[in-house]
Amino acid sequence: MMTIQQPDGGAGTHPGIARLALDVYLPHLDRFFDYSIPDRLAQQVQLGCRVRARIAGRMANGFVVGLPARAEVDKLSPLDRVISPEPVLLAQQVPLLRAVADHYAGTFADVMRLAVPPRHAATEAAEQNPWPAPDARDVPGGGLTEVDDGRRFLDAVGQSRPVRAHWCALPRWRSDESGLDDWTRGFVQAVGAAVGAGHGALVIVPDVDRVRRMRDVLRAVLGPGCVAELHSELGPAARYRNYLAVSRGQARVLVGTRGASYAPVHDLGVICLWDDGDDLLSEPRAPYPHARDVAALRATQESCALLFGSYARTAEMQAWVSTGWLVPLGLAPARTRRLAPPVRAAVDSDIDLQRDPMAAAARVPKEAFETIRTGLLSGPVLVQVPRAGYLVALSCQRCRTPVRCPTCGGPVGADRLGAGQRRLTCRWCGRSLNNWSCPVCGSRELRAPVVGSQRTAEELGRAFPSFRLVSSSAQKVVDQVGTTPALVVATPGAEPRPEAGYSAAVLLDAGLMLTRADLRAAEESYRRWLTVVSLVRSGDHGGTVSVVGPAEERTVQALVRLDPAGFAERELSDRQAAGFPPAVRMVAVEADEKTLADFRSVVEWPSDAQELGPVPIADSTPGSTEQLWRLMVRIDRTMGGELIVAARRALSIRSARKRPGAVRVRVDPIELF
DNA sequence: AGCACGCCGACT
DNA sequence: GTCGGCGTGCTC
């Protein structure tokens, strides 16, 4: 190796160099910058510490990501100050933040802001509480030990092997005194295996409620006080305190919401992520990363085990399973059916024909009515009704097939032209559809969207006047119900947790849920339904579930069969055929009309990319007056990287040229409509 | 030739 | 937002 003579500074000391990641959100300045370290700061500068420096004509905060021997350029500006010597952006996080930024066509600074919580000086100065080391003594049974290959997976985690799996958890209420969900058992088993091998562990869940539940289970098993939590409801001090416990290597087990995916748990043995289909795991701030992808990137980079778990399986998980990147864990449907509550389909078109006047008055098929009546004899009964007021997709009147654009396969909406006239246009490419006819059954009639489940709930309450009626929805969520019989009506996601499981559940208006205006409507409905099933006692403890809707529909069928893997396979192959994510990589570009035109004049998409639109869209950000337009671009998944690089390059060029107007780029947007 | 000014691009 | 490099064009 060649030795390069460094110019000697005369006194024999060289000014140190600090390589910084700065809070600069301009895409064309998305890289590290070197600064000289003035003598007065030399003692404080640490790798990973928070600093301030002048860049691009203003001061910016940032972190030290390197202390190189030589700078990339000759003339260096000096660091302005060291905000704190505490290392908070650790070396292991740097490639992760870079990879996430690159995957989402975003900047390092954008992701850095999501990863490191704001500093809380008093907390940093305070004496650190002792964090006992975790001790996996009494790991509960059930969970992963009950499914095929589950034990092998746990053994591999215990041997520090970077195994990866998707686990379909058993959807039923576990009727033992512990009250633990099956999935929390499986997760604590995986964490226990990693901890037993001397590693740290990270558990990501969609919301704070589940953070607390998972935290309590982990503490009960691994010892009190050894588990840290990270989520937005903590407040600045607790949030920073817990982050420091992790970054200082004190807390070895962390459970948190999506932001915790980046937390610098030392020597990770396993990452567990629950319910990737929950849209709370998708970050609403730029560059809109999904915790599922962050976890996947991180597990690869840090060579740790990865466990995804959910009741239903998303098409994204299925795509990874189908390539062998993830091992599928679970039970064959026949075995699941023996352990879970039985699910039966009741057809809602029979309502008007039925004899039972009470059932008819409540607008519920007789079988579902009987499910409720019988269930109320032994405990609370859950009735899930679709949320009122969501957009309904246009579908065929006869066979309910959703209307899709014949050119690009995108979703179709109806624009009112006045005088009762309406025009069908594609929401992606903007083309008008003339003389639509259903490609499946040939019908020319469109289904008129109907809503009105809330009324059904009220009528149900009147049909069972002697029972307590509990109503839970997004406006007023009821957390828990007891063991006494009660009729519990809830919208998806607002189901109260039963103390000892529901004795029965009824899923109303399945057809309505399936026609929601989103290409993921079937997958999302299936996920919501299995969540309800998971709250119901198993068949041998008297639990039953009725789904009211089109019994022949394949999502309803997959529910009756309790076959999430089979459903996911079908869903993925449908998306492959239709050209939807995850079979393709999709990029949505949103801006006002002029800005979007400017972006398009700059961007050079790969030749295989297909541009759809632009089309005007309803503005989701309140307060803005400008009409937003959206361009969709898609490409085969294998060329997804080139698509993202092209978008990213265009953003850089626009920011370097100081072009006015904001452009929002989303890679694989979570809502597809 | 030498300097002032202004534009444009880079920003350590 | 600010700085500096470079080209233009004016002046000595």
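Sequence lines set the chain letters: A, B, ... in the order given, protein chains first and strands last, and positions in each chain run from 1.
- Atoms CG (A:L29) and P (C:dG1) sit 14 Å apart, rounded to a whole Å.
- A salt bridge links A:R575 to A:E523: at least one charged side-chain nitrogen sits closer than 4.0 Å to a carboxylate oxygen.
- At whole-Å resolution of the value, CZ in A:R52 and P in B:dT12 are 16 Å apart.
- One atom, CG of A:D74, and another, P of C:dG5, lie 13 Å apart when rounded to the nearest Å.
- A salt bridge is defined here as a Lys NZ or Arg NE, NH1 or NH2 lying under 4.0 Å from an Asp or Glu carboxylate O, and A:R600 with A:E611 meets this definition.
- A donor atom on one side chain and an acceptor atom on the other are not found under 3.5 Å apart for A:D279 and A:S282.
- Residue contacts for A:R31: at a heavy-atom cut-off of 4.0 Å it reaches a base atom on one of the strands shown.
- One can place CE of A:M59 at 13 Å from C1' of B:dT12, the figure rounded to the nearest angstrom.
- Atom pair A:K75:NZ and B:dT12:P shows a separation of 10 Å (rounding to whole Å applied).
- Between the side chain of A:K658 and the base of C:dG1, at least one donor-acceptor pair of N or O atoms lies under 3.5 Å.
- Side-chain proximity of A:V73 to C:dT2, C:dG1, B:dT12: nearest is B:dT12.
- Ion pairing of A:R113 with A:D110 is present here, as a side-chain N (NZ or NE/NH1/NH2) and a carboxylate O approach within less than 4.0 Å.
- Rounded to whole Å, the distance from CD1 on A:I55 to C1' on B:dC11 is 6 Å.
- Per the geometry, CG belonging to A:L20 stands 15 Å off P belonging to B:dC11, to the nearest Å.
- Separating the CG atom of A:L22 from the C1' atom of B:dT12 is a distance of 9 Å, rounded to the nearest angstrom.
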